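This report concerns only the one structure given below.
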Amino acid sequence: MTPAELSAALRAVLLSAQADGVLALAADQVPETVTVERPRQREHGDWASNVALQLAKKAGVAPRDLAQAVAERLSTVPGVAQVDVAGPGFLNITLDAAAAGELARTVVEAGEEYGRSQANAGERINLEFVSANPTGPLHIGGVRWAAVGDALARVLEASGAQVAREYYFNDHGSQIDRFARSLLARARGQEAPEDGYGGAYIGEIAERVRADAVAAGEPDPVTLSDAPAQEVFRARGVELMFAEIKQSLHDFRVDFDVYFHEESLHSSGAVEHAIARLRELGHVYEADGATWLRTTEFGDDKDRVIIRSDGMPAYIAGDLAYYLDKRERGFDRAIIMLGADHHGYIGRMMAMCSAFGDTPWVNLEILIGQLVNLVSGGEPVRMSKRAGTVVTIDDLVDAVGVDAARYALARSSADSAIDLDLDLLARATNENPVFYVQYAHARTANVARNAGALNVRREDAFDPALLDHPSEAVLLGQLAELPRVVAQAAELREPHRVARYLEELASAYHKWYDQCRVTPMGDEPVTDTHRTRLWLNDATRQVLANGLGLLGVSAPERM
RNA sequence: GCCCCCGUAGCUCAGUGGAUAGAGCGUCGGACUUCUAAUCCGUUGGUCGCAGGUUCGAAUCCUGCCGGGGGCACCA
């Protein structure tokens, strides 16, 4: 019996009590979904519900009395072994071993589908993340969004949504100009400009730009005058830098469906189109020689300039056009993941969303993630491109590998600033929980191999009543949780919940492995207990694989 | 000054109103001739920043304060 089935049974019991007049409530006061949870304490049964506590006041009865009435009816439901009323009015439910064990077959038969739902079916989501400027390699902060964003995309897909991963590629504006000037200066053997970029990669990119130009039969750009030289370094430098970022992300197993060029918004007329639309809606005005969007009408602190007095579009003009473009491409919802240093944009972005006639936090959602701090020798390291203390995505992968890096970055809530210890990363990988989870998966695979070799076959028997060991009740309970965890992770945009869940599941599996053998010892005959346990082993393997897949982490067959 | 996030075990962090607040690492001590010991068992460890409030019940929600981080452009 799955928790969803138990929940439905509990609701049916409430409705029957209501129909019989035992529960003095209107039918619509019985909640649509009755929550059942895994109790913290094992002795509180397999599942618990606080529904009696919640309904008692409305029904005008004592919580324990209501709970008692529900318990009597629920205990007659097939598969329910025992229902106890505890504390102020909790219902503690224990299932028959057979009903609980049935889940092993449910999971095995569902396979990769187990844990997925259709909760968000039909929803088209545009998920924008990373979007780092191509002025240098992707550093640790961007990598966090790559890991979390891609995991979120997978979790949303598992909830039935159609998700497009999008990278907003900023190839326009003053930071790019600084990048181009830095390349040119380096190529000429000069100091980097005051506000420029000075890392070693600048020299490498500059050399490649020159070599490519010469190879193509064009003049070496350093021989050109300033303006055209800078333009060559800008165009080709951005291209090279971006290709490098893309490759690094690909090696990190993060691939975007769309790499959107900011410049295209300006060249295609999308900016004018968006401004015209807002003007039509009456939210645009002229003042002090500039063009403004009246965002204060929608809760922003101040109105925003969209066309500067020098005629150039302000940065937000691109955002306006980009948002409208996403909506016109048919996305119901645009989700943007930004670092904490961007939180000040939320007000104006939501105001902009309203100005277009959309609903903030429905059609547009902005997720703010806190920054990553680097620590070395217990001391915070200030990242500086000039000082060379930048940790790039490639450095991170070289140090710990893709699996450990993705897992470590995705297992914490994005709301928390995390500290990454450089010494720890460089030293070893043994303190990483990812191995605990991966090892559990490798174990399930190994057990399955051994079972096969000893002729323990699933198809020969499945008798769930034999899964009656205490560690099996715990393991089955954990397996039952995946759908709820995935649904919650999707709804809250918190993929780290999947990682935490996997750690608990791995723990339950390791304990079970320690106490219950799947394969016979020595000359022991193969029994139905062995065969049925193989179902449980394989169900666990499936859930671990599904969960690791949601995080973009591999599920190894051997370690 | 205003805005956002955080404050939970020695460290890194879970816990979106429920029962005795958890995990990993760390400490100390046990368990491998039988499915991989990257494991398991035990031990150590807490005024959930502080003070009020809401309620049957608060780490969780509200208010104020303290501490840490990050923001408040006709920059991008």
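Here is the naming used below: chain letters follow the sequence lines, and residue numbers restart at 1 for every chain. Since this is a predicted model, take the numbers as computed values, not measurements.
- Side chains of Thr295(A) and Asp301(A) form no contact here, defined as non-hydrogen atoms less than 4.5 Å apart.
- Across rU55(B) and rG22(B), the matching P atoms stand 28 Å from one another, rounded to whole Å.
- If you take atom P in rU20(B) and the same atom in rG57(B), they sit 14 Å apart, rounded to whole Å.
- Between Met559(A) atom CE and rA37(B) atom P there is a gap of 13 Å when expressed in whole angstrom units.
- Residue pairs that meet the salt bridge (charged side-chain N to carboxylate O under 4.0 Å, His left out) test with at least one member in residues 134-144 of chain A, sequence neighbours left out, do not exist here.
- The phosphate of rA38(B) has neither OP1 nor OP2 within less than 4.0 Å of any side-chain N or O from Arg443(A).
- Of the residues in residues 522-536 of chain A, none has a non-hydrogen atom less than 4.0 angstrom from any atom of RNA chain B.
- Residue Tyr436(A) is classed as a sugar-phosphate contact, given heavy-atom separations below 4.0 Å to backbone atoms only.
- Taking atom OH of Tyr501(A) as the reference point, atom C1' of rA14(B) lies 16 Å away to the nearest angstrom.
- Arg531(A) and Thr529(A) form no side-chain donor-acceptor contact under 3.5 Å, judged by distance and modelled atom types alone.
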Are there any protein N/O atoms within less than 3.5 Å of an N/O atom in nucleotides 16-18 of chain B, and if so, which ones and at what distance?
unit_1, atom_1, unit_2, atom_2, d
rU16(B), OP2, Arg497(A), NH2, 3.2
rU16(B), O4, Gln488(A), NE2, 2.5
rG18(B), N7, Asn50(A), ND2, 3.1

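- With both ends at atom P, the span from rG7(B) to rC13(B) equals 10 Å, rounded to whole Å.
- With the 3.5 Å cutoff on both pairing distances, Watson-Crick and G-U pairs in RNA chain B assemble into runs of at least 3 at B:1-7 with B:66-72, B:10-13 with B:22-25, B:28-31 with B:39-42, B:49-53 with B:61-65.
- In terms of polar N and O atoms assigned as donor or acceptor, the side chain of Ser309(A) comes within less than 3.5 Å of the base of rC74(B) in a complementary pairing.
- Within 4.0 Å of Ala86(A), counting heavy atoms only, lies at least one base atom of the nucleic acid.
- Among the protein residues, Arg304(A) comes within range of no part of the nucleic acid, since none of its heavy atoms lies under 4.0 Å from any strand.
- Using P as the reference atom, rG42(B) and rA59(B) are 27 Å apart when rounded to the nearest Å.
- Checking the phosphate oxygens (OP1, OP2) of rC41(B), a side-chain nitrogen or oxygen of Lys511(A) falls inside 4.0 Å.
- Using a 4.0 Å heavy-atom distance criterion, Asp301(A) is classed as making no nucleic acid contact.
- Across residues 314-323 of chain A, Tyr315(A) each have a non-hydrogen atom less than 4.0 Å from an atom of RNA chain B (numbered order).
- As rounded to the nearest Å, rU44(B) and rU27(B) have C1' atoms that lie 6 Å from one another.
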Got a list of protein N/O to nucleotides 1-6 of chain B N/O distances below 3.5 Å?
unit_1, atom_1, unit_2, atom_2, d
rC3(B), O2, His343(A), NE2, 2.8
rC4(B), O4', His343(A), NE2, 3.3
rC5(B), O4', Gln370(A), NE2, 3.3
rC5(B), O2', Asp415(A), O, 2.4

